[in-house]
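Chain A is the first sequence line, chain B the second, and so forth, proteins listed ahead of strands; every chain is numbered from 1. The basis for the numbers below is simple: all heavy atoms, side chains too, and nothing from hydrogens, waters or symmetry mates.
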There are 2 protein chains.
Amino acid sequence: MASSDPVYLRVVADIRRQIVDGSLSPGASIPSRAQLTRKYGVGETAARHALRVLAAEGLIVGRVGSGHYVRAQPTLLPLHRWRFHDHHAPFGADIQSQGTRATWDWRTEPADATPDIAQRLRLEEFAAVTRTSYVFRGDGKPVQLATSYEPAEFGEPVAEENPRGLIPRLSALGVKITEIVEQVYTRVPQPAESDALALPAGVHVLHVERTHWAGDRPVETSDIVIPGDRFRLVYSHPLTP
Amino acid sequence: MASSDPVYLRVVADIRRQIVDGSLSPGASIPSRAQLTRKYGVGETAARHALRVLAAEGLIVGRVGSGHYVRAQPTLLPLHRWRFHDHHAPFGADIQSQGTRATWDWRTEPADATPDIAQRLRLEEFAAVTRTSYVFRGDGKPVQLATSYEPAEFGEPVAEENPRGLIPRLSALGVKITEIVEQVYTRVPQPAESDALALPAGVHVLHVERTHWAGDRPVETSDIVIPGDRFRLVYSHPLTP
DNA sequence: GGAGGCAATTTGGAACTCCAACTTTGAGGG
DNA sequence: CCCTCAAAGTTGGAGTTCCAAATTGCCTCC
């Protein structure tokens, strides 16, 4: 904390310290901005700025008319990525095995492959694909979004077949899945995603690009959007003897 | 965009749309706040607020005295998590294989296991462990931080032995690694991490908790901090016939 | 004891103003 | 053409003031 640093950073650092060292526990109230101006001898602008930074870090949350409060640090539910890949809805099976009631909606439609999807599926641009959009719910609240793309040649996953899952469905078509690859990164959610997932301000998502391979051919690719404040992803790698 | 929405959101949405649809390409300048007030008929506060939100989303970056500019969307270098686990520095080997010169520093010291580490290593609280802190550099710039913990009984990885890597080292001690588990989540970086990794404002990190298992015993656990604007993690899962 | 009303307080949005440090541009001179 | 300097403009920090919507606590009445 250099003496030339902006005053708001002094306020941020002090409050952050109290939160991190436990002096201010989850649910505890933070001084109002009027109180901060008096306590730290700063103006309202700096007080607001400090509160804004702390809120953006997810450490506090403001309630209109009431005040700011320390946020409980989220417990991140683990999603074991390879454990349920033979279920018809791996995510659903995972959180259900952890005691959360899981439901999901999906919508399937024919689409043209965007350049990105075409590349991932090694198709021509604008090739015909089948796009299936999912909303997964835990205890009734949306907790994950996913969009899956398959070459149109595999046909549309009709409603009765969908519960069978991708791997057996493609197997019945003579396509054997040999590998699943997931690429994980973090990003800012799009406004529609924030709305759909009821994300608190400042929360980023984990974005998983998952591709099913049959030998050296990609036969399905998905974009999965996972709230970064609710889940962590667990990957296991056994070592062969 | 409801008509009762704050005016700053109108500005945000308009500029975001231009960036997303390519009208404003990377490097393009954004109107200054004075220009925004005139263009959108809002006050300076709302103009600043809009710019602040866009900056927090990583879409623009402000340069003092110059203006705001559209940020190039980062190309995320893939880190193949299981490909180099038998190297002495898997991360280094990974980015080196992609053309980036990798170097790293580390520092080893005895420590007492915190409750979290004790739980992860199935040790008593405050049990003696060996803590090794790493700073990984790509082309001379820090690009990843990691802290590794081992039970103290394995001894201190002395400098000459470190290049051999964890798995052969423990193997020489009669401990056979049977599985590696990585848990991935995203979070706000701590100030020291932001400094160390030179993270732009608003960038979150991927945090990987990695544990090496020998049978049902955890024998090493690490916390790995990866800039969310530079890397993505790639996990592969072969399906057995 | 419970319900309702009211005052005080709070947050989030917003306006206007000022300032230091910095950048950019244009004019003038060599 | 190149260099210098001044003017204009920019960002980030900061202050003060106002307002709508919401919350909380206290008081009064039934």
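Here the nucleotide nearest the side chain of B:R48, chosen from C:dG13, C:dT10, D:dA14, is D:dA14. Taking only side-chain atoms of A:R33, from C-beta outward, the nucleotide of C:dT23, D:dG13, C:dG13 with the closest atom is C:dG13. Closest to the B:E44 side chain, of the nucleotides C:dT11, C:dC18, D:dT23, is C:dC18.
Toward the 5′ end of DNA chain D lies the nearest nucleotide of A:V42, the other residue of the pair A:V42 and A:Y69 mapping further downstream. Position along DNA chain D of the nearest nucleotide to A:G43 versus B:P31 favours B:P31 as the more 5'-ward residue.
With rounding to whole Å, A:R63 atom CZ is found 20 Å from C:dG13 atom C1'.
Close to D:dT10, at under 4.0 Å from its OP1 or OP2, lies a side-chain N or O of B:Q35. Of the side-chain N and O atoms in B:H68, one or more sit less than 4.0 angstrom from OP1 or OP2 of D:dT11. One finds no side-chain N or O of A:S32 lying less than 4.0 angstrom from the OP1 or OP2 phosphate oxygen of C:dT9. Between A:Y8 and the phosphate of D:dG13, there is a side-chain N or O to OP1/OP2 separation shorter than 4.0 Å.
Salt bridge status for B:R10 with B:D14: absent, with no side-chain N to carboxylate O gap under 4.0 Å. Salt-bridge check for B:E57 with B:R16: passed, with a basic side-chain N closer than 4.0 Å to an acidic carboxylate O.
At a cut-off of 3.5 Å, with distance as the only test, a side-chain donor of B:E220 or B:S222 sits close to an acceptor on the other residue.
Side chain A:S66 to base D:dA22: no donor-acceptor pair is found below 3.5 Å.
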